[in-house]
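Every chain is numbered from 1 and lettered A, B, ... according to where its sequence line falls, protein lines coming before strand lines.
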Amino acid sequence: LPPIDARMREIIKEQQPFIRDEIDADRARVVFEDHKYKLEIIEDASTDPMSATEAGLVRTYENPPNFIDLCRGPHVEHTGRHLGHFKLMRVAGAYWRGDEKKPQLQRIYGTAWASNKELDEHLHRLEEAAKRDHRKLGVELDLFSFPEEIGSGLAVFHPKGGLIRKLMEDYSRDRHAAAGYEFVNSPHISKADLFETSGHLDWFADGMFPPMELDEGQRYYLKPMNCPFHILIFRSRLRSYRELPQRFFEFGSVYRYEKSGVIHGLTRVRGMTQDDAHIFCSKEQMPGELRSLLTFVLDLLRDYGLTDFYLELSTKPAGKAVGTDEEWDEATEALRAAALDMDLELVMDEGGGAFYGPKISVQARDAIGRTWQMSTIQADFQEPQRFGLEYIGADNERHRPVMIHRALFGSVERFFAVLVEHYAGAFPAWLAPVQARVLPVTADHEPYAVRVTERLRADGFRADMVEASEGLGSRIRKAKLEKLPYVLVVGGDDVDHGTVGVNARGSEQPERDVPVDTFVARLAGDVTAKG
RNA sequence: GCCCGGGUAGCUCAGACGGCAGAGCAGCUCACUCGUAAUGAGCAGGUCAGGAGUUCGAUUCUCCUCUCGGGCUCCA
């Protein structure tokens with residue numbers, strides 16, 4: 001048998017015509033009697049009034065002499081049209097009609113373009129995307145790994161990745177503190193009762209790690225979410241309306257038993273840390289709170305270097321949902337109003353909300369145009385009710401607060417992966433584990449190189465030095481591969497004049513004889529500029 | 001979880017009818033002291049993912065498990 005793509009090229013060359021016909025369902029059942037999946041489609045087409053053909057008829061396309069298939073069409077006139085520039089990419093199983101309860105068929109994926117040039121460009125883009133894959137860069141830049149001994153979907157961060165992560169978290173904490181959040185902490189495990197009250201065990205038990213059974217019969221679970229813990233903090237004493245809104249923030253580690261086939265690098269893991277916060281406010285406060293929250297989220301994402309956004313609003317799902325229509329309308333309108341204020345494209349996801357509340361999510365496009373779902377802001381009508389949350393209002397009556405879930409990063413791990421891919425590993429100065437590396441030309445210049453390094457460190461920068469035990473060219477090459485923002489070469493001239501040779505990442509030519517103070521000011525500017 | 005394909009040194013990979021395990025890079029040692037992308041020599045480095053089976057003998061063949069990749073389904 002010839003390879004599939006070779007046979008495809010033959011068929012293209014043959015310019016087989018596509019002959020359209022419409023036949024009645026009975027006839028179709030005969031023609032396709034050996035094809036059980038096609039018979040299923042014929043049944044649906046002959047009974048579905050919305051089918052592409054008039055009732056009772058199904059459309060076929062035939063390539064004489066011996067191939068006929070069902071298709072709504074339209075088709076090009078013959079097989080020689082348009083398809084000369086394709087490449088088969090992969091094979092995969094796909095569930096019949098997208099239903100995991102149904103059998104799987106083999107699907108062959110390919111890509112086709114109007115010209116070889118466009119095909120090559122497409123393949124080139126795929127290669128470029130592969131180069132910035134965070135899983136590959138994670139190894140190359142020594143950022144993190146997934147030791148087999150620990151378990152699937154459970155990452156360890158190495159010193160450089162750990163440092164980047166710390167810088168991400170530090171900045172996030174600073175900004176949250178400035179925005180009126182309070183920092184809370186909660187344990188990683190809890191008795192089953194908590195997740196029964198929250199409802200997680202009812203609808204999400206499959207997604208949780210199995211329970212730990214204690215001798216006295218108590219069952220404990222690893223937490224899949226932080227919200228019940230924050231709710232208990234809110235409920236720990238009687239709250240006054242004067243205290244609202246209450247904003248509780250935590251880098252909370254959660255564990256979810258993701259199905260083995262869905263685990264993917266740092267973007268889909270079984271153990272992760274959410275930059276999670278829950279806002280408890282009055283109904284009246286909600287619109288203002290959502291607006292300032294969305295501003296805060298976008299502002300912060302921009303500081304991390306993401307600048308191209310659109311928003312998606314997910315509304316009430318059909319069927320059962322908790323909360324009254326009035327509550328849904330209020331919250332949805334508040335989210336919509338906040339979104340419209342942002343002057344960004346707003347995409348509606350009608351009926352896409354969770355059953356417990358509407359949500360807005362921020363989609364960000366990265367450096368090569370891929371979109372990532374980033375932050376989510378979600379109203380929740382369910383948990384305040386399940387936990388019986390209350391506060392005392394100005395009227396001296398008890399009221400139920402509104403609860404807003406929100407995460408900017410989603411998870412620190414996932415956001416880390418997005419940043420690695422967005423920057424292709426070339427982190428901006430404020431996030432770079434090493435901001436400047438000093439390279440003495442020969443051993444004679446090492447004392448000066450040490451002084452330059454110490455100077456940078458004294459000014460609060462992350463600088464290191466590699467001594468002249470190997471060639472300068474080799475050391476420069478290694479520093480470039482590490483994607484450091486700056487490489488400083490110091491030789492005799494520099495020792496004499498108090499200067500450095502500056503190699504900025506991305507520029508071909510070094511700048512010679514730059515005074516150290518000038519470089520320090522430049523680096524300081526880069527760090528302040530953030531993303 | 002399902003379909004398909006992988007797992008050989010830290011990394012990238014070669015290898016074999018079933019018969020002592022290979023390279024480059026990285027690492028270490030020594031020499032070289034060099035002004036912008038790989039200085040040279042030497043040394044060390046392996047339960048061939050793990051377990052079971054077949055066999056005189058398995059890294060190689062078979063089965064199971066773990067794990068990775070591409071998809072499907074899922075992502076509160």
Gap between atom NE2 of His422(A) and atom CH2 of Trp372(A) - 0.5 Å precision = 11.5 Å
Which is true for Phe355(A) with a 4.0 Å heavy-atom rule: it touches a base, it touches only sugar-phosphate, or it touches nothing?
-> nothing
What nucleotide, of U33(B), C66(B), G70(B), holds the atom closest to the side chain of Thr442(A)?
-> U33(B)
Side-chain N or O of Arg135(A) closer than 4.0 Å to phosphate OP1/OP2 of G69(B) | yes
Integer angstrom distance from the C1' of C32(B) to that of G57(B) | 50 Å
C68(B) phosphate, OP1 or OP2, under 4.0 Å from Arg268(A) side-chain N/O = no
With a non-hydrogen cut-off below 4.0 angstrom, is Phe146(A) in contact with a base, only sugar-phosphate, or nothing?
-> nothing
Residue pairs involving residues 184-198 of chain A (criterion salt bridge (charged side-chain N to carboxylate O under 4.0 Å, His left out); sequence neighbours excluded) | Glu196(A)-Arg219(A)
On a whole-Å scale, what distance lies between the C1' atoms belonging to G46(B) and G50(B)?
-> 15 Å
Sequence-distant partners of Arg462(A), side-chain contact (heavy atoms from CB on, under 4.5 Å), two or more places apart = Leu163(A), Leu167(A), Gln435(A)
For Val438(A), the side-chain contact (heavy atoms from CB on, under 4.5 Å) test, sequence neighbours excluded, returns Ala449(A), Val452(A), Thr453(A), Leu456(A), Met465(A), Leu488(A), Val490(A)
Go through RNA chain B and write down every stem, that is, every run of at least three consecutive Watson-Crick or G-U wobble pairs with distances under 3.5 Å, as range with range.
-> B:1-7 with B:66-72, B:10-13 with B:22-25, B:27-31 with B:39-43, B:49-53 with B:61-65
Would you please confirm or rule out a distance under 4.0 Å between OP1 or OP2 of C68(B) and any side-chain N or O of Ser152(A)?
-> yes
Specify the residues of residues 481-505 of chain A, ordered by number, for which at least one heavy atom lies under 4.0 angstrom from an atom of RNA chain B.
-> Val489(A), Gly491(A), Gly492(A), Asp493(A), Asp494(A), Gly501(A), Asn503(A)
Could you say whether Ala443(A) or Glu508(A) is positioned toward the 5' end of RNA chain B, judged by the nucleotide with the nearest heavy atom to each?
-> Ala443(A)
Residues of residues 411-421 of chain A with any non-hydrogen atom less than 4.0 angstrom from an atom of RNA chain B: list those, numerically ordered, please.
-> none
Excluding sequence neighbours, so at least two apart, what forms ring pair (Phe, Tyr, Trp, His ring centres under 6.0 Å) with Tyr220(A)?
-> none
Decide ring pair (Phe, Tyr, Trp, His ring centres under 6.0 Å) for Phe387(A) and Phe234(A); before the verdict, give the C-alpha distance in whole Å, the side-chain angles of both, and the deciding distance to 0.1 Å.
-> CA-CA 10 Å; Phe387(A) 282 91; Phe234(A) 182 87; over 10 Å; no
Mind checking whether Phe416(A) and Phe157(A) have ring centres under 6.0 Å apart?
-> yes
Could you note down all residue pairs passing salt bridge (charged side-chain N to carboxylate O under 4.0 Å, His left out) where residues 359-373 of chain A supplies at least one of them, sequence neighbours left out?
-> Asp308(A)-Arg365(A), Glu345(A)-Arg365(A), Asp366(A)-Arg370(A), Arg370(A)-Glu421(A)
5'-most contact on RNA chain B (nearest-nucleotide basis), Gly98(A) vs Ile476(A), goes to Ile476(A)
So what does Ala354(A) touch, heavy atoms closer than 4.0 Å: a base, only the sugar-phosphate, or nothing?
-> sugar-phosphate
Contact class for Arg512(A) vs. all strands (heavy atom < 4.0 Å): base, sugar-phosphate, or nothing?
-> base
State which residues pass ring pair (Phe, Tyr, Trp, His ring centres under 6.0 Å) with Phe195(A); sequence neighbours excluded, sorted by chain then number.
-> none
Give me the distances for all protein-to-nucleotides 42-47 of chain B N/O pairs that come in under 3.5 Å?
none

Syn/anti label of C17(B) as read from its glycosidic torsion, with the cut at 90° from 0 | syn
Tell me the side chain to side chain donor-acceptor pair (under 3.5 Å) pairs involving residues 147-157 of chain A, sequence neighbours left out?
-> none
His264(A) side-chain N/O to G70(B) phosphate OP1/OP2 under 4.0 Å = yes
Each nucleotide N or O in nucleotides 1-3 of chain B that has a protein N or O under 3.5 Å away: list the pair and distance.
unit_1	atom_1	unit_2	atom_2	d
G1(B)	OP2	Ser260(A)	OG	3.2
G1(B)	N7	Gly261(A)	N	3.1
G1(B)	N2	Tyr95(A)	OH	2.3
C2(B)	O2'	Gln104(A)	OE1	2.6
C2(B)	O2	Gln104(A)	NE2	2.8
C3(B)	O4'	Gln104(A)	OE1	2.3
C3(B)	O2'	Gln106(A)	NE2	2.4
C3(B)	O2	Gly93(A)	N	3.2

Taking C-beta and beyond as the side chain, do Tyr448(A) and Pro440(A) meet within less than 4.5 Å on heavy atoms?
-> no
Kindly assign one of parallel, tilted or perpendicular to the pair His278(A) and His405(A), based on the angle between their ring planes and the thresholds 30° and 60°.
-> perpendicular
Which nucleotide sits closest to the side chain of Leu472(A): A26(B), U33(B), G35(B)?
-> G35(B)
